[in-house]
Amino acid sequence: MKNKIVQSVWVFGVFTIALLNGGIAYSAVKVGLVLDRGGKDDQSFNSSAYRGLKKAEAELKAEVKTVEAPDDNSFEALQRAFAEKKMDLIIAVGFSQKDAVIKTAKRFPEQKFVLIDADAGLSNVQSAMFEEHEGSFLAGVAAAKHSKTKVIGFIGGMDIPLVKRFLLGYESGAKAVDPSIKVLSNTIGITGEAWANPAKAKELTLAQIQQKADVIYHVSGNSGSGVFDACAQKKVLAIGVDSNQNRLRPGTILTSMMKNIDRVVFDAIKSVQDKKFQGGLVRYGLKSGGVELAFDEHNKPIFDTSAKKLIEEYQAKIIAGKLSVPDYYVTSKRK
Amino acid sequence: MKDILKSFLGVFIGLGVGLLVVVAVGENPLVVLKAMTGALVSSPYDIGMTLFYTTPLIFTGLAVAIPLRAGLFNIGAEGQLMVGAMAAAVLPQVVSSPFLAVFGAILISGIWGGLIGWLKARRGAHEVIVSILMNFIAVGITSTLANGMFKDPDSQLGETAPVAEVFHSVPFSFFAGAPTGVYTVFALFLPYLLYGVMKRSVWGYQLRAVGLNETAATLYGIERGRVWILAMMAAGAVAGFVGCMEVFGNAHKFRMGFSPEWGFSGIAVALLARGKFSAIVPSALLFGMISKGSLALELETEKMTREYAMVLQGIIILSVTLTHAYKKRAK
């Protein structure tokens with residue numbers, strides 16, 4: 001009899017522990033992040049997504065796993081591996097993963113995905129698109145307000161639609177302030193190497209400065225350090241991109257057009273945890289804080305207060321829908 | 001026969017040293033080995049992907065091995081496969097039959113390769129320099145076209161519009177979605193077909209003769225320039241199949257940077273096979289397995305990353321070279 005009691009206490013104890021363990025294991029959201037070839041140290045969108053994931057790991061106690069795709073053919077295999085591990089959420093970063101996500105999401109219709117920077121058009125995929133043109137518009141306003149020569153510059157990585165979208169927003173922002181302003185624009189290269197070629201970026205920046213440009217906006221990934229070098233050397237202003245680059249060169253970097261992928265990644269993981277996941281196309285613009293200009297202690301001394309006020313006015317107008325910034329993805333199709 | 005044994009020994013030593021690297025970074029080699037081998041065959045999809053990674057390496061391995069027989073070192077397979085892929089993506093707008101599109105694409109990449117042979121034969125330029133430089137030209141031309149004239153207006157990336165469905169080569173359904181189909185079957189047979197051509201045809205004889213002794217071959221009345229041009233054309237055409245496989249069998253369009261340097265891995269494949277056509281398939285399979293297997297590393301381990309594939313390839317090439325070198329010294 002005594003044995004039986006001891007036994008049942010034991011069984012009860014083991015059960016409770018098992019239940020507790022099970023309970024804890026179930027409450028953690030399991031997230032798989034598939035980065036594209038750039039990898040987590042690209043100082044651009046992959047890095048940003050990785051930051052968001054790490055934040056979720058620390059604050060939401062999410063169980064996270066990251067893989068970096070070695071080539072464009074491996075996306076599907078990596079996503080499928082995560083799906084087979086029954087992850088609660090799979091996050092695929094970069095437009096180049098679009099086709100693979102469509103295939104995997106159709107094969108695993110119960111699996112939740114987030115696709116950054118492209119529209120998969122499926123209900124189990126949250127397609128997060130950023131309105132880069134809106135943020136670039138404000139960058140253009142900032143550039144125009146700070147330019148004394150009325151010539152501003154733009155350095156893009158490659159001549160691709162995404163970069164043109166930044167450029168068109170930037171141009172229209174600058175022209176909204178002063179229609180006579182001149183915008184110089186160059187792209188660095190024709191292959192992926194263009195995003196990691198600071199030497200060429202510096203050369204192009206120096207050439208633009210020679211043509212009197214005194215504020216230069218770069219959309220060139222890792223090549224941007226060359227733009228900052230040249231601007232610091234010639235004492236003109238630069239505008240950073242993707243993440244807050246203000247602290248890289250205080251006094252030279254006027255502001256940064258941030259694309260808050262980290263925030264989107266974090267929010268998506270949180271939404272899965274709160275069982276509020278939203279599929280389909282979600283646009284992150286100025287309104288939702290997906291893109292914004294960076295203001296901090298590093299650029300405060302050089303940023304003109306009247307310019308900041310004007311930017312806030314434009315921002316309010318865009319958010320209220322009173323001003324629509326031309327979007328290259330829309331305008332290029334009309335042709 | 002002894003050669004093969006030496007190669008196998010080299011591969012095993014290489015794998016062993018590779019696992020020591022795993023121990024050095026503080027991972028369990030058994031876990032790594034299990035993850036890598038599991039990623040190869042654990043499902044029909046995995047088998048399909050392993051074969052998918054192997055197929056282009058067979059083609060590019062041959063694109064290096066064929067000219068090697070004629071005494072030429074072709075570093076240009078990367079450029080040749082890109083030109084082939086661009087041609088494959090564009091030709092469907094002009095021709096209506098899939099067969100013609102494939103033929104046209106390999107003809108164009110063949111001419112691209114032949115140009116290297118022509119520059120060597122008629123202008124005296126060194127084929128290594130020329131083929132390296134032609135890679136840059138190929139990247140330049142194809143990415144300009146993919147971002148300009150033939151760009152898909154609906155895409156944010158530099159890629160061409162998808163080709164019509166009639167041109168698609170349907171992958172085998174057995175592989176559950178892996179883009180593995182007729183090109184893989186063709187690739188598995190091609191080296192043996194070419195082996196026959198080399199042994200039995202006049203062309204193969206001439207090619208081998210020039211490779212073995214240029215002067216003697218010339219004395220026998222073989223025009224070496226013509227052989228060089230043809231050998232490089234054949235290399236370009238074989239590399240062009242990678243482009244066809246990519247465009248018709250996989251992505252259905254030309255994507256900028258689609259090739260993870262398959263052209264250069266082809267050099268390693270051909271060298272590991274010691275230039276022998278019969279050894280190209282196993283050699284490419286080994287590299288394909290490493291590429292596919294390494295995908296599982298980041299999933300299953302904490303510290304191993306995708307770069308391990310490159311490390312392992314390097315170690316294996318080195319150890320195979322060393323085992324063969326050892327034989328020569330022992331004599």
Side-chain angles (χ1 to χ4, degrees), chain A residues 32-37 39-41 65-85 87 94-100 103-104 106-108 117-119 129 132 158-165 187 189-195 328-329 332-335, chain B residues 35 38-39 42-43 45-46 48-50 52-53 56 82 136 139-148 151-159 162 176-179 246 250-253 255-262 290-292 294-302 305-310:
Chain A
L33 175 68
V34 184
L35 300 176
D36 83 355
R37 273 187 294 166
K40 58 177 175 258
D41 298 319
K65 194 83 204 172
T66 311
V67 290
E68 301 172 296
D71 65 274
D72 287 2
N73 302 300
S74 61
F75 294 140
E76 203 188 334
L78 294 169
Q79 291 161 9
R80 278 174 82 143
F82 275 142
E84 270 153 22
K85 282 176 182 288
M87 291 288 182
F95 182 89
S96 50
Q97 301 207 43
K98 180 182 165 185
D99 291 351
K103 276 192 210 160
T104 321
K106 279 185 181 159
R107 193 171 282 270
F108 299 91
D117 262 355
D119 183 10
M129 298 277 279
E132 293 95 353
M158 287 165 81
D159 193 12
I160 54 172
L162 178 65
V163 170
K164 285 185 175 147
R165 195 184 200 206
T187 47
I190 50 172
T191 62
E193 174 261 359
W195 305 103
Y328 181 80
Y329 292 163
S332 65
K333 266 182 206 158
R334 271 195 216 124
K335 273 175 209 163
Chain B
S42 57
S43 74
Y45 176 75
D46 288 317
M49 284 307 287
T50 308
F52 170 80
Y53 276 107
M82 283 194 162
F136 292 110
V139 173
I141 292 177
T142 53
S143 42
T144 305
L145 291 178
N147 279 310
K151 196 191 163 312
D152 180 359
D154 291 329
S155 171
Q156 294 173 28
L157 297 179
E159 47 188 31
E246 163 71 13
N250 183 27
H252 303 138
K253 59 192 165 197
R255 301 175 295 170
M256 252 175 72
F258 72 89
S259 157
E261 307 211 318
W262 278 323
I290 293 174
S291 296
K292 173 67 176 74
S294 67
L295 293 184
L297 286 176
E298 289 186 52
L299 289 169
E300 305 294 340
T301 69
E302 287 301 318
T305 63
R306 55 186 173 173
E307 280 77 19
Y308 183 64
M310 299 295 289

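Reminder, nothing fancy here: chain letters follow the sequence lines and each chain counts from 1. Just so it is clear, the values below take in all heavy atoms, side chains as well, and ignore hydrogens, waters and symmetry mates.
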Toward chain A, the part of Glu261(B) with a non-hydrogen atom under 4.5 Å:
neither
Under a 4.0 Å threshold between the charged nitrogen and the carboxylate oxygen, would Asp71(A) count as salt-bridged to Arg306(B)?
no
Name the member of Lys103(A), Lys98(A), Glu76(A) that forms the most heavy-atom pairs with chain B at distances under 4.5 Å.
Glu76(A)
Does a side-chain heavy-atom distance below 4.5 Å link Pro70(A) with Met310(B)?
no
So CG of Asp159(A) and OG1 of Thr144(B): to nearest 0.5 Å the spacing works out to 9.5 Å
Please answer whether the main-chain N or O of Ala77(A) pairs with a side-chain N or O of Tyr45(B) as donor and acceptor at a distance below 3.5 Å.
yes
Residues forming a side-chain contact (heavy atoms from CB on, under 4.5 Å) with Arg37(A), sequence neighbours excluded:
Asp72(A)
Nearest-0.5 Å distance that lies between atom NZ in Lys85(A) and atom CD in Glu300(B):
3.5 Å
Output for pair (Ser96(A) OG, Phe258(B) CZ), nearest 0.5 Å, gives 15.0 Å
dist Met256(B):CE -> Ile160(A):CD1 (nearest 0.5 Å) comes out at 8.0 Å
May I ask you to check whether Tyr53(B) and Asn73(A) show a side-chain donor-acceptor distance below 3.5 Å?
no
Please rank Ala176(B), Pro260(B), Ser294(B) by heavy-atom pairs under 4.5 Å with chain A and give me the top one.
Ala176(B)
Looking at CG of Asp46(B) and CD of Glu84(A), how far apart are the two atoms once the value is rounded to the nearest 0.5 Å?
7.0 Å
In Val67(A), Leu78(A), Thr66(A), the residue satisfying side chain to side chain contact (heavy atoms under 4.5 Å, CB included) with Glu298(B) is Val67(A)
